[in-house]
Amino acid sequence: MSEICKNWSTWLKQTRFSYMNEAQKEQTINWLNAIRDQVLLLADIKNGYKVADFGCGSGLLAFGVLEKFEDKVELIFSDKFQDCLDECQKILSQTPVAHNARFLQSDISDIKLENNYLDRALTRSVLVHVKEKQPVFNELYRVLKPQGYYCAFEPIISENTRYYELVNPQQISDYSDFAAAEKEFMENPNDPLVNFSAHSLDKNMTEAGFSDVIVQVQKVASNYTPSSEAILSWFIAPPAPDQKTMKERFLEYFEEKKVDNFISEVQNALANTEISVSSNTALIKAMK
């Protein structure tokens, strides 16, 4: 686990934004709020429902439900990591809103709920941290009532803009070596961040028994001007507490001196220059 990111609550609050300036942070938070609203719209929650936010993290979806329904729904904050639940519980204790909420420490691949319990199961950027996806969908199907919905948002990281696509090959020593290495580890079937696509998610849900499966892919494009420090953060900030940094991934292929030189050349090529990046994201809805 990275020394700069010792647990999930720290990563959620600090590390994932480490390469952003204040304007980018504000833009990202607005985007996350928009995602929350889209997922909740798909979920079509009603008074009296039992709703769970699995892998709740900082509670983006759960607090969205609470804001709208207060104590009119049974709301479960569920996460594998106790530090995330502690953070959500702290926020909830400071919220003067009536609620019918509880906290469940549980792995989404082995959910500690009875069969046919929930009306709605929600996730946001959770599957991207789970190596084996099929058991997750099997569990979500099991805990939902008949006609219950699973609604989610997932980034399709395997389709993101890659670093080698941003630079001019003439500006990078051993460009082809680094491009080949990045292509290989961004297609690693054992890496939960990149071992899925919209098609594979659809297939997983169908195999679990879900019907009316919708996986709506959106391309998110943005332009910004990174600083040299921000580019360094791309390489040394972990994509999750239990994941290797980009620098560590390259170190599996090359000596550190060569990797450090690559990072420096990328900084020289892109710092204070407007770049365009894109990523694919998926909105998901499926019915038991």
Side-chain angles (χ1 to χ4, degrees), residues 8-9 12-13 16 28-108 111-130 136-137 139-155 205 210 212 214-216 218 281-288:
W8 275 92
S9 58
L12 287 164
K13 291 187 296 182
R16 63 173 169 166
T28 300
I29 290 170
N30 290 338
W31 175 64
L32 289 171
N33 288 336
I35 287 168
R36 172 201 62 198
D37 294 343
Q38 288 178 294
V39 173
L40 296 184
L41 182 64
L42 285 176
D44 191 25
I45 297 167
K46 309 292 186 185
N47 288 346
Y49 276 9
K50 296 179 179 179
V51 181
D53 179 1
F54 291 110
C56 62
S58 56
L60 181 74
L61 297 179
F63 283 114
V65 174
L66 181 65
E67 182 179 338
K68 184 173 182 179
F69 292 95
E70 298 188 354
D71 60 353
K72 298 180 180 66
V73 300
E74 178 185 323
L75 178 61
I76 300 173
F77 291 76
S78 180
D79 204 287
K80 178 180 179 180
F81 300 99
Q82 186 61 46
D83 61 288
C84 290
L85 297 177
D86 291 343
E87 287 290 323
C88 289
Q89 195 160 14
K90 179 180 178 181
I91 295 169
L92 186 61
S93 69
Q94 299 170 349
T95 302
V97 175
H99 66 83
N100 181 17
R102 62 187 176 99
F103 296 84
L104 175 67
Q105 185 176 13
S106 183
D107 190 320
I108 195 172
I111 299 171
K112 307 305 181 186
L113 290 174
E114 63 192 67
N115 295 349
N116 307 313
Y117 186 80
L118 294 172
D119 296 283
R120 298 291 185 265
L122 312 176
T123 67
R124 193 265 303 177
S125 300
V126 172
L127 302 174
V128 73
H129 300 298
V130 181
V136 172
F137 291 113
E139 278 292 272
L140 292 168
Y141 186 87
R142 178 185 66 79
V143 300
L144 279 166
K145 298 176 182 178
Q147 310 301 309
Y149 291 167
Y150 167 58
C151 298
F153 163 88
E154 283 295 327
M205 285 183 280
F210 285 101
D212 299 331
I214 299 171
V215 183
Q216 180 183 354
Q218 302 175 347
T281 62
L283 281 170
I284 297 166
K285 182 176 181 179
M287 183 176 70
K288 179 171 178 177

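Everything quoted here is computed from the prediction, not taken from an experiment. The basis for the numbers below is simple: all heavy atoms, side chains too, and nothing from hydrogens, waters or symmetry mates.
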For H129 and S125 the tightest heavy-atom approach is CD2-O, 3.3 Å

Scanning both residues in full, the closest heavy-atom pair of A282 with V215 reads CB-CG1, 3.9 Å

In short, A121 meets L144 closest at the heavy-atom pair N-CD2, 3.7 Å

message: With a 4.5 Å cut-off on side-chain heavy atoms, are V65 and R120 touching?
response: no

Could you check whether any side-chain heavy atom of I76 comes within less than 4.5 Å of a side-chain heavy atom of Y117, counting everything from C-beta outward?
yes

So, do V51 and F69 sit near enough that their side-chain heavy atoms are less than 4.5 Å apart?
no

message = Keeping D79 on the side-chain end and L85 on the backbone end, is there a donor-acceptor pair under 3.5 Å?
response = no

One should read off an interatomic distance between I91 CD1 and D86 CG, to the nearest 0.5 angstrom, of 11.5 Å

Subject >> Pairwise side-chain contact, L92 with F63, heavy-atom cut-off 4.5 Å (strictly under) >> reply: yes

A side-chain contact here means heavy atoms from C-beta on lying under 4.5 Å apart; do Q38 and Q218 qualify? yes

Subject >> Ring centres under 6.0 angstrom apart (Y141, Y150) >> reply: no

Worksheet item: Side chain of E154, backbone of V126: donor and acceptor closer than 3.5 Å?
Response: yes

Q.
Can a donor-acceptor pair be found, under 3.5 Å and without considering hydrogens, that links the side chain of T123 to the backbone of A152?
A. no

K46 side chain near D44 side chain, heavy-atom distance below 4.5 Å: yes

query: When you measure from the side chain of R142 to the backbone N and O of I111, does any donor-acceptor pair fall under 3.5 Å?
result: yes

Hey, mind stepping through V136 and F54 against side chain to side chain contact (heavy atoms under 4.5 Å, CB included) and telling me if it holds? CA-CA 10 Å; V136 172; F54 291 110; over 6 Å; no

The salt bridge (charged side-chain N to carboxylate O under 4.0 Å, His left out) partners of K285 (sequence neighbours excluded) come to none

For C88 and G57, the nearest pair of non-hydrogen atoms, with its separation, is SG-O, 3.2 Å

message: A quick test of your reading: do over 12 heavy atoms of other residues, nucleotides or ligands sit less than 6.0 Å from NZ of K288?
response: yes

CG of L140 to SG of C151, rounded to nearest 0.5 Å, is 11.0 Å

Handout entry: Close side-chain approach of I45 and Y149, heavy atoms under 4.5 Å
Key = no

Exercise. Are the side chain of D53 and the backbone of F77 linked by a donor-acceptor contact shorter than 3.5 Å?
Worked result: no

So CG of D107 and NZ of K112: to nearest 0.5 Å the spacing works out to 8.0 Å

L122 vs L40, test: side chain to side chain contact (heavy atoms under 4.5 Å, CB included). Steps then yes/no. CA-CA 9 Å; L122 312 176; L40 296 184; 3.9 Å; yes

CG of L66 to NZ of K68, rounded to nearest 0.5 Å, is 13.0 Å

To the nearest 0.5 Å, atom CE of M205 lies from atom CG of D212 at 11.5 Å

Salt bridge (Lys or Arg N to Asp or Glu O under 4.0 Å) evaluation trace for E87 with K90:
CA-CA 5 Å; E87 287 290 323; K90 179 180 178 181; 5.5 Å; no

When rounded to the nearest 0.5 Å, the distance separating CG of D37 from CG of L42 is 11.0 Å

Kindly indicate, with the supporting measurements, whether the criterion side chain to side chain contact (heavy atoms under 4.5 Å, CB included) is fulfilled by V39 and R124. CA-CA 8 Å; V39 173; R124 193 265 303 177; 5.5 Å; no

Quiz item: Are the side chain of E70 and the backbone N or O of H99 linked by a donor-acceptor pair below 3.5 Å?
Solution: no

Less than 4.5 Å apart, side chain to side chain, heavy atoms only: is that true for L61 and F153? no

